[in-house]
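Each chain gets a letter, A, B and so on, in the order the sequences are listed, and its residues count up from 1.
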Amino acid sequence: MAFGKGHHLSLVDGSAFIFRAYHALPPLTRKSDGLPVGAVSGFVNMIWKMIEDNRGPDAPTHAAVVFDKGSHTFRNEMYDLYKANREAMPEDLRPQIPLTREATRAFNLACLEQEGFEADDIIATLACKARDAGGRVTIVSSDKDLMQLVGDGVEMYDAMKNARIDREGVLEKFGVYPERVVDVQALAGDSVDNVPGAPGIGIKTAALLINEYGDLETLLERAEEIKQPKRRQVLIDHADQIRLSKKLVSLDCEMDLGYDLDTLEVKEPVADDLLAFLGQMEFRTITRRVAEKLGVEVPAVAETQPAASGGLPDDSADASLPGAPDLPFDAKNYTCVTTAAELQAWIDKAHATGWISVDTETTSLDEMKAELVGISLAVEAGHAAYVPLAHREEGGVGLFGSDELAPNQMPLPECLARLKPLLEDPAVLKINHNAKYDVKVLARYGIRMAPIDDTMLMSYALHAGLHNHGMDEVSERYLGHNPIAIKTLIGSGKAQRTFDAVKIDDAVTYASEDADVTLRLWQTFRPQLHVARVATVYETLERPLVAVLTDMEMAGVKVDKSVLSRMSNAFAQKMAQLEDEIYEAAGQKFNVGSPSQVGDILFEVKGLPGGKKGKTGKYSTPADVLEDLATEHALPGLILDYRQVQKLKSTYTDALQDHVNAETGRVHTSYSIAGANTGRLASTDPNLQNIPIRTEEGRRIREAFVATPGHTLVSLDYSQIELRILAHTADIPALKEAFREGQDIHAATASEMFSVPLDEMTPDIRRQAKAINFGVIYGISGWGLARNLRIPRDEAQAFIDRYFERFPGIRTYMDDTIAFAREHMHVRTLFGRRINTPEINAKGPTAGFARRAAINAPIQGTAADIIRRAMIRMPDAIDGLPAKMLLQVHDELLFEVEEGAADDLIAIAKRVMEGAAHPAVRLDVPLIVDAGRGANWALAH
DNA sequence: GTACTCACG
DNA sequence: GACGTACGTGAGTACG
């Protein structure tokens with residue numbers, strides 16, 4: 001029967017519950033692994049009490065627990081500063097948030113949240129629907145923002161005070177009845193949510209005014225009539241701000257929810273599910289109570305001994321973790337799926353558990369070209385299946401096998417048709433290792449796989465700095481199992497075959513194992529994310545990036561081959577010319593491309609000074625050495641010119657042409673999310689993060705990166721983001737002030753250091769200060785600065801001493817960071833990203849490297865986190881604009897946009913980037929983004 | 001496969 | 001007191 005008269009809907013404000021539980025209870029941790037669970041415990045007890053108290057004739061027939069999701073809502077679109085003064089969530093509360101969702105589901109209660117909306121909006125929408133249908137509603141919350149909903153069968157219930165709030169209760173609180181509550185709130189504002197309201201007017205005055213004039217609009221229209229001059233002026237001056245405030249406090253009753261009230265019908269908890277969850281949390285008392293009430297035997301909550309395996313260096317001295325079940329790997333449990341019925345059985349299993357690990361086998365590492373050969377699946381550790389789809393017949397012509405399909409394979413379209421609903425089902429989690437690869441391959445077959453979890457990214461969030469995160473390495477380290485190497489199936493080097501030439505039997509063993517390993521890694525890493533306090537990093541900075549980068553990479557950037565080709569020819573000519581000059585100057589022919597031959601010529605034949613040999617016994621000939629020599633001799637300069645042209649030609653004008661995709665006419669790079677230790681992305685095949693810009697000649701390469709007709713490229717980049725982060729993190733008043741004032745930061749540094757007034761600043765002094773500023777970010781050393789500035793070492797050291805003297809906070813930051821790293825074996829970014837520092841306590845030169853890396857990582861990593869946050873928010877922000885985000889270059893984002901929409905795009909993207917730290921972190925310095933646009937990348941910059 | 005060099009932030 | 005270093009990447013070439 002559809003929801004209506006006689007029905008009673010209970011809506012629980014889950015987020016408020018959590019915060020109350022957190023603050024009401026002492027910190028409590030799970031015994032086995034130290035996971036903070038105090039708020040979860042309080043939450044569970046509150047829910048249980050609510051269920052128990054609500055048995056009887058008045059019991060709700062429908063119920064849901066509603067949560068906030070994310071912190072960025074449509075209200076932030078109206079008003080940047082909405083809730084901007086909120087404190088960041090306490091670190092030990094964060095990991096508990098997802099657990100409260102799990103708790104809700106364990107109680108068999110509907111768990112509701114929606115991106116971009118607050119819990120209050122969902123509650124409002126459901127309450128209005130229920131009321132309109134003739135039912136009763138109880139909102140379990142004491143939040144005053146919800147009071148506007150009271151009346152007509154809607155009541156609030158304050159679970160703490162055990163008090164119901166009806167229309168009269170609202171009148172008591174606000175001085176008006178519910179329908180005028182938003183008017184009062186609009187005037188009074190709200191310091192907690194940072195709603196501005198009218199300055200100097202509180203609830204009392206607001207209610208007085210509203211009661212006198214009837215409603216807010218009338219009041220504002222007739223503001224001139226107000227007798228008190230101050231009050232009158234405030235209302236006239238701030239009318240817009242008051243109207244905005246009203247919008248901010250008004251709840252959205254007409255959200256598009258995608259489900260109706262009937263789905264919220266109350267169901268009894270399933271004893272097994274609930275007790276499993278409570279057991280996992282190691283809650284003994286509530287477990288006993290629940291078990292008794294549900295009439296089942298009280299399960300023993302394990303006196304869990306900290307597990308011996310899975311050791312992870314953590315803040316606590318001897319943190320150790322529960323791992324996945326220690327089940328042997330056995331290929332006997334891997335099966336080959338060849339019929340629809342067999343495949344369906346796996347799909348059913350996935351629906352039953354809510355998750356499935358998936359791995360695709362293809363013909364190429366390039367996702368834009370890879371053709372699907374088969375798919376492996378696993379739902380339970382130790383068991384997996386492989387669905388061969390496009391293996392070719394064995395023993396065809398030569399090395400390449402046959403063109404015929406091998407027998408006993410499902411037709412690819414049929415398999416995909418059956419898998420598509422599962423892979424796109426929002427209720428079933430797809431677990432992958434390096435999900436971006438599989439998402440991209442499947443996207444080309446019309447499947448948008450979501451939601452996903454990625455064990456590679458989990459490993460990265462946990463173990464960045466310790467090792468790489470490829471499946472083989474991670475499996476070996478954390479499962480103690482060496483998976484079959486792909487090389488054994490397809491060979492390597494010239495004789496390498498593609499996966500479709502692999503025998504199906506071998507593919508079953510190999511591919512099933514990968515799905516099995518992935519599932520086991522997921523089981524291993526999932527609980528560790530909380531213990532290492534990187535669950536939020538994983539959820540907010542890693543996982544969401546997969547879809548964003550998928551779209552960017554598939555979009556690609558248009559590259560004009562003919563531009564590159566012309567430049568290539570010009571470079572070839574120039575190289576030939578330089579070669580002649582070099583031979584002439586050297587007095588003999590040699591391979592200019594060979595550093596060892598260059599060394600011999602310069603330091604032996606010509607007898608130039610300063611030749612240093614590397615570990616291979618050859619002379620080293622890096623650019624800075626040659627530059628120094630070039631002041632006295634012609635040859636080194638010519639070699640440098642040659643090298644520059646050769647680099648531009650081979651790496652850029654030539655190689656880049658080969659990367660233009662034949663079908664799209666565009667270049668599709670691939671970003672590795674888990675490549676760089678600090679949180680930066682890395683771009684490969686081709687690397688589009690190192691396209692030349694510093695020299696005029698190299699910069700012209702960027703002219704080949706173009707917009708399609710009718711479009712323009714837009715580049716936005718953060719100005720001095722790392723120095724700003726340093727100023728904030730190390731808390732340097734002078735630097736923060738300079739950034740707030742919009743000063744030239746290097747000039748300001750120079751002025752402070754050398755006591756030179758800004759208007760007397762010379763380029764040379766500024767240059768030296770700039771070098772020091774960068775040096776600080778890199779973990780400065782006298783030697784390094786001396787080398788960079790080409791000054792004596794003692795002079796460089798004197799600069800550094802002076803810098804520390806003028807900005808003592810920098811020294812403190814460096815010392816504190818190193819001390820933290822030595823104690824915890826990791827450092828963190830402002831957003832909690834963890835970068836492990838395994839060599840921080842090493843001896844010898846390694847120690848120096850490790851110290852400098854530890855100083856740099858929080859700065860570089862925080863900048864990386866900020867642009868990640870911007871990228872993740874960008875698709876929603878520019879939704880509706882004819883624009884695409886194409887590339888990321890560490891502090892720059894490149895877009896392609898229809899010409900007419902470029903201004904809108906710049907305005908929006910700039911706002912997203914400049915506000916990207918909020919609300920998680922409130923920086924003491926502004927983030928500034930510069931924008932440029934043009935028909936090609938050189939012009940856009 | 002490793003070393004060297006050089007492109008970027 | 002000597003040592004040997006700026007942080008983070010990827011790619012192309014030479015060479016064993």
What I want to check is whether the side chains of A:Gln573 and A:Asn569 have a donor and an acceptor closer together than 3.5 Å.
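Not at all, the side chains of A:Gln573 and A:Asn569 share no donor-acceptor pair under 3.5 Å.
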For a side chain to side chain donor-acceptor pair (under 3.5 Å) check, start with the C-alpha distance between A:Glu476 and A:Asn482, then their side-chain angles and the critical distance, and finish with the verdict.
CA-CA 5 Å; A:Glu476 153 102 65; A:Asn482 262 323; 3.2 Å; yes
With a 4.0 Å limit, can you tell me whether [X] has a side-chain N or O closer than that to the phosphate oxygens OP1/OP2 of [N]?
X	N	result
A:Thr678	C:dT9	no
A:Ser594	C:dT13	no
A:Arg852	C:dA6	no
A:Gln646	B:dT5	no
A:Arg680	C:dG8	no
A:Thr621	B:dT5	yes
A:Ser620	B:dC4	no

Tell me, which of residues 931-941 of chain A have any heavy atom that sits under 4.0 Å from an atom in DNA chain C?
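Here the set is empty: none.
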Return the nearest nucleotide to the side chain of [X]; candidates are [options].
X	options	value
A:Asn677	B:dC6, C:dC7, C:dT9	C:dT9
A:Ser650	C:dA6, B:dA7, C:dG12	C:dG12
A:Arg702	C:dG8, B:dC8, C:dG10	B:dC8
A:Lys647	C:dC7, C:dA11, B:dC4	C:dA11
A:Asn591	B:dC6, C:dA6, C:dA14	C:dA14
A:Lys618	C:dA6, B:dA7, C:dG16	C:dG16
A:Thr616	C:dG8, B:dT5, B:dA3	B:dA3

Stacking check A:Trp783 vs C:dT5 (5.5 Å / 30 deg):
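Yes, the aromatic ring of A:Trp783 stacks with the base.
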Is A:Ala771 touching bases, backbone alone, or none of the nucleic acid, heavy atoms closer than 4.0 Å?
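If one applies the 4.0 Å heavy-atom cut-off, A:Ala771 turns out to touch a base.
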Which residues in residues 686-694 of chain A have a heavy atom closer than 4.0 Å to any atom of DNA chain B?
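Going residue by residue through residues 686-694 of chain A, the ones with a heavy atom under 4.0 Å of DNA chain B turn out to be A:Gln689, A:Asn690, A:Ile691, A:Pro692, A:Ile693, A:Arg694.
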Looking only at atom types and distance, does a side-chain atom of A:Tyr778 sit under 3.5 Å from a main-chain N or O of A:Ile855, one as donor and one as acceptor?
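Checked: no pair found.
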A:Thr829 side chain to A:Gly861 main-chain N or O, any donor-acceptor pair under 3.5 Å?
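No.
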